[in-house]
Every structure is written in C-alpha cells, then in structure tokens.
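The next block holds one structure in the form of structure tokens; read it before the comments.
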Number of protein chains: 2
Amino acid sequence: MSVQMVAARAHENDVRASTVVEAMRLFAAHGFEGTALQDIADAVGVSKPAVLHHFPSKEHVRQAVLDEILSHWNEALPRLLLAATGSGDRFDAVFGELYRFFSNNPDRARVVAREMLDRPGELRKLLRGSVKPWLGAVAGYIRAGKERGLHYADVDEEAYLIHILLLVITATASATVTSSALETDPRSRHDRYDRELARIARASLFPSVPAALNPKKAAGDSRKRKAPR
Amino acid sequence: MSVQMVAARAHENDVRASTVVEAMRLFAAHGFEGTALQDIADAVGVSKPAVLHHFPSKEHVRQAVLDEILSHWNEALPRLLLAATGSGDRFDAVFGELYRFFSNNPDRARVVAREMLDRPGELRKLLRGSVKPWLGAVAGYIRAGKERGLHYADVDEEAYLIHILLLVITATASATVTSSALETDPRSRHDRYDRELARIARASLFPSVPAALNPKKAAGDSRKRKAPR
DNA sequence: CCTACCGATCGGTAGG
DNA sequence: CCTACCGATCGGTAGG
C-alpha cells in the first residue's frame, strides 16, 4: 500500500467519522428533516457530493448515527450488567451507568427522543434487539429483589425500567429546558434535577431508602413514615 | 348581517379551526420541518394560498397550534388546582387531571416534546408563563404535606413535578413505542404502563402507599419493609 | 473529491 | 372597494 493510499484511506475515515459526529450533533439540535446535507457538509468542511460519496443517501447518514449510538450502548452493556450483579449499591451502580451513558453525550438522548417521535416503528425494532436483553436481565434482578422483600411488591419490572429509561432520556435531552425554566442559579440547577431524578427512580423501587444510599440527609429523623398496619 | 356574510364568516372560522387541528396532527406526527404547507392544505381540503390567507406564514400556524394547547391547558388549570385542594385522594386527582390532559390528546404531548427539542428557548418562555404558576401552587401543597410527614423529607418539589410532567409527556407521546416494544397483547399493554407510571409518581412521593389507593394488592403482607432504624 | 447541474418541492406571493 | 380564495409562479433549496 503506497503512502498516498494510506493517506487517502486515513482521510476517508476522517471524513466518514467526522460526518457521523457532525450529523449526530445537527440531527440532535434540528432533527433529521431540519438538517440539510449541505449543513453537514459545511460542518465537516467538505462539499455536499463529498458526503454523498461516503454515504449513498441522507438516510444512510441517519443509520450511521444510530449505529454509532447503538455501538456505544453495546459497549456499555457489560458494565451495566456487571453493575447489576455486583454487591453493594447495585441500584446506584446500574442507574449511574444508565444515566452517564446519556448525560455524557446528551445528543444521544436527543437523537433517540427524536426517533421515538419521527419513526416509532423503526425504533421499536432497534429496542427489541438491543434494549430488551438488558431489560430482561435487570428485570430479573428486580424480581429476585422483590422476593427478598427489597422492593415494592406491585412493581411491574419491565414497565418500571422502560419509564426510568424514558425519564433519563427525556431529562438529559431537555436539560436546557427543565433546568433554566425555573432556576436562576446555573450552578445549582444540574445537581438539583439529577439528584431528584435518581431519588424518584430509587424511592419508587425501594419501600425504604437505605440511609447509606442517601448520605445528604440525616438517617433517622429526616423521613417520617406511618407504620405499616 | 346578511345570510351570505354569516355563511362566509362561518366558513372562515371553519378553515381556520380545522387548519389548527390538522396542523397539530401533522406537526405531532412529522414535526414542523417535516410538514409542508401543502400537506396541511391537503388535509384541510383547501389550497395552500388559502391557508396562507388565514395565517401570514407557516410560523403563524405553529404559534396557533401552541396557543391551542396552551388555551386548553389554562382551561384545565382550575380543575388541576381544585384537585390539589380537595379532600381525599388529592394525589390521584391531580395526577389524573395531568395525565388525562395529555393522554386524551397525545398529539399535545408530541408537539410539546418536539418543541422541547426544536426550540428549547421558546418553550422555556412558554413554560415560565403558563406552567410555573401551577407548579408553584402544587409545590406548595407538597411542601405542606412534607411538614405533616406525608411525603419523603428529601423531595425537591419543583424538580419532582418537572420530572413527573416530563414523564407523563414522554410516556403519552411515545405510547406506541413503549408499549409495543415488549408487549404482544395489545389489550394489556396500555393499562400496564399507565399503572406503573402512576405508581412511580406516587411511590416516589409517599413513603408508604396507602392501601386504599392500591386496591389491586392485598394491604398488609404484599409489601415487606425494613423498619426505619 | 470538486463544479455543475437535474427534477421536485419548499415557503410564500404575484395578478385576476 | 372589500372578502375569500384560485392557478401559476416567484426565488431558493431539497436530495441526488
């Protein structure tokens, strides 16, 4: 392979990779319909036909963006399942992995949220193949925890996980709206909503929040509760 | 006013009103960018210039759709606040009103969800003026309930309500995705996810779910819990 | 990978 | 002169 060929291959991969990066950013911000191929080409710094040289059509660019997200999800999957089996704060570990997956790159959440609205059927297939295994496994752990009396007996594991997943996606996708809608201090807003998000997920699963998982509050008197029966 | 004038006025209102109806449906399904003025005109059954006679621009159609949603929200507001002050199952009453507002017309949820993604800044202003008052009032009731020991002491009222609002919007907006993603029986799916949604909202607010609110399960032994301390 | 284009369709507006 | 529209077409841009 000549030096020129290697350089060309490297350049080709650069254009391809940065097209996916820029397209994800643009699709997240303006949607698929709201993004022109020219916008992507401009962001990458090449011509529109150059983009269409790497991807047969705009639809292929979309698929590459979704594949990129899916690939990172499958990469995070082992960590997610490992977190579920590990001892200790398993809930915080799993929720943390899930939350970080989207909050580390909110564009992922925005693209997925848009796909939910634009093409529910296509996203359904994608979820069946990629989210269902994770969901089934984690649901199994919740079911086991239920039998040990750790969780509410009336939790619908799959529905619970779907709702929490949706909540994490929506919260990270719309962080700018939710936070600045009411908050004036930019520093406090993020922690506030993140903490409440985790609290909702935890408190709707565990009848009693272990004090160890909630170091911010005093253990005993902070939570008043009626005795059962 | 002549018969002809009355007829013309009525027709004018018909076109205007049904334009808003059809535009909301199309914007919900395909987004603002994904909907052509011609699509709206076709759905109404008039020409494209006819639509532009009633609305100076496509942007005005969008604003009319948002105004329609906002108007129904303001119409539902008294019921929402009344539900919060009433005796008995106040939580179920408020949550029910909120849930019905979107589930009765899922296109409202989809349009709002799209606005969150497309124009977070504009939606922020809209929320400030229209959701904040409701939010402040209901947050006040939660604060009062906290002092009476009804709720978790570490609930962030505003953040909790925003997340629940987002969850209701997302769940109703993506009902087709969430339900059919895992479920095969089309009858069971809706109730399942709706029930779990309400359960999450309730259980993350009330340390102990009153048996009266959960008739599906036996009262005493269905929920095993550690004694606090 | 570029310039130079295509059939079509975009939002919006002309004269009648 | 008004209204509520029409058929045709405007300048630009879409994907290809």
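Labels below follow one simple rule: chain letters A, B, ... track the order of the sequence lines, proteins then strands, and each chain is numbered from 1. These numbers come from the heavy atoms of this one structure, side chains and all, not from hydrogens, waters or symmetry mates.
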With under 30° as parallel and over 60° as perpendicular, where do the rings of A/Phe102 and A/Trp73 fit, or are they tilted in between?
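Tilted.
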Answer with yes or no after comparing the ring centroid distance for A/Phe101 and A/His72 against a 6.0 Å cut-off, counting only values under it.
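No - the distance between ring centres of A/Phe101 and A/His72 does not fall below the 6.0 Å cut-off.
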Between D/dC5, D/dA8, C/dC1, which nucleotide gets closest to the side-chain atoms of B/Pro49?
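Of the candidates, D/dA8 comes closest.
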What's the closest nucleotide to the side chain of A/Val15 if the choices are D/dG15, C/dC1, C/dG11?
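For the A/Val15 side chain, the nearest candidate turns out to be C/dC1.
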How many whole angstroms separate atom [atom1] of [X] from atom [atom2] of [N]?
X: B/Glu33; N: C/dT9; atom1: CD; atom2: C1'; answer: 15 Å
X: B/Leu37; N: C/dG11; atom1: CG; atom2: P; answer: 5 Å
X: B/Asp42; N: C/dT9; atom1: CG; atom2: C1'; answer: 13 Å
X: B/Gln38; N: D/dT13; atom1: CD; atom2: P; answer: 21 Å
X: B/Arg16; N: D/dC5; atom1: CZ; atom2: P; answer: 11 Å
X: A/His60; N: D/dG16; atom1: NE2; atom2: C1'; answer: 13 Å
X: B/Lys58; N: C/dT13; atom1: NZ; atom2: P; answer: 14 Å
X: A/Lys48; N: C/dA4; atom1: NZ; atom2: P; answer: 14 Å

Can a salt bridge be assigned to the pair B/Glu59 and B/Arg119 using a cut-off of 4.0 Å between side-chain N and carboxylate O?
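The answer is yes: the pair qualifies as a salt bridge.
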Can A/Asp118 and B/Arg114 be counted as an ion pair, charged N to O under 4.0 angstrom?
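Salt bridge between A/Asp118 and B/Arg114, a charged N being under 4.0 Å from a carboxylate O: yes.
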Separation of the P atoms in C/dA4 and D/dG16, to the nearest angstrom:
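My reading of the P atoms in C/dA4 and D/dG16 gives 22 Å.
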Is it the case that the side chains of A/Tyr99 and A/Asp194 hold a donor-acceptor pair, with the cut-off being a distance below 3.5 Å and no angle test?
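Distance-only check passes for A/Asp194 and A/Tyr99.
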A/Ser103 and A/Thr172 side chains, donor-acceptor separation under 3.5 Å:
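Short answer, no.
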Nearest-0.5 Å distance, CG of residue A/Leu26 to CG of residue A/Asp42:
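Here the rounded value is 9.5 Å.
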Presence of B/His53 side-chain N/O under 4.0 Å of C/dG12 phosphate oxygens OP1/OP2
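So the side-chain polar atoms of B/His53 never come under 4.0 Å of the phosphate oxygens OP1 or OP2 of C/dG12.
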So A/Leu52, base contact, sugar-phosphate only, or nothing? Heavy-atom distance under 4.0 Å.
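Base contact - A/Leu52 has a heavy atom under 4.0 Å of at least one base atom.
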Could you spell out the base pairing of DNA chain C in dot-bracket, with Watson-Crick or G-U pairs whose two distances are under 3.5 Å, [ ] crossing and | to another strand?
.....|.|..|...|.
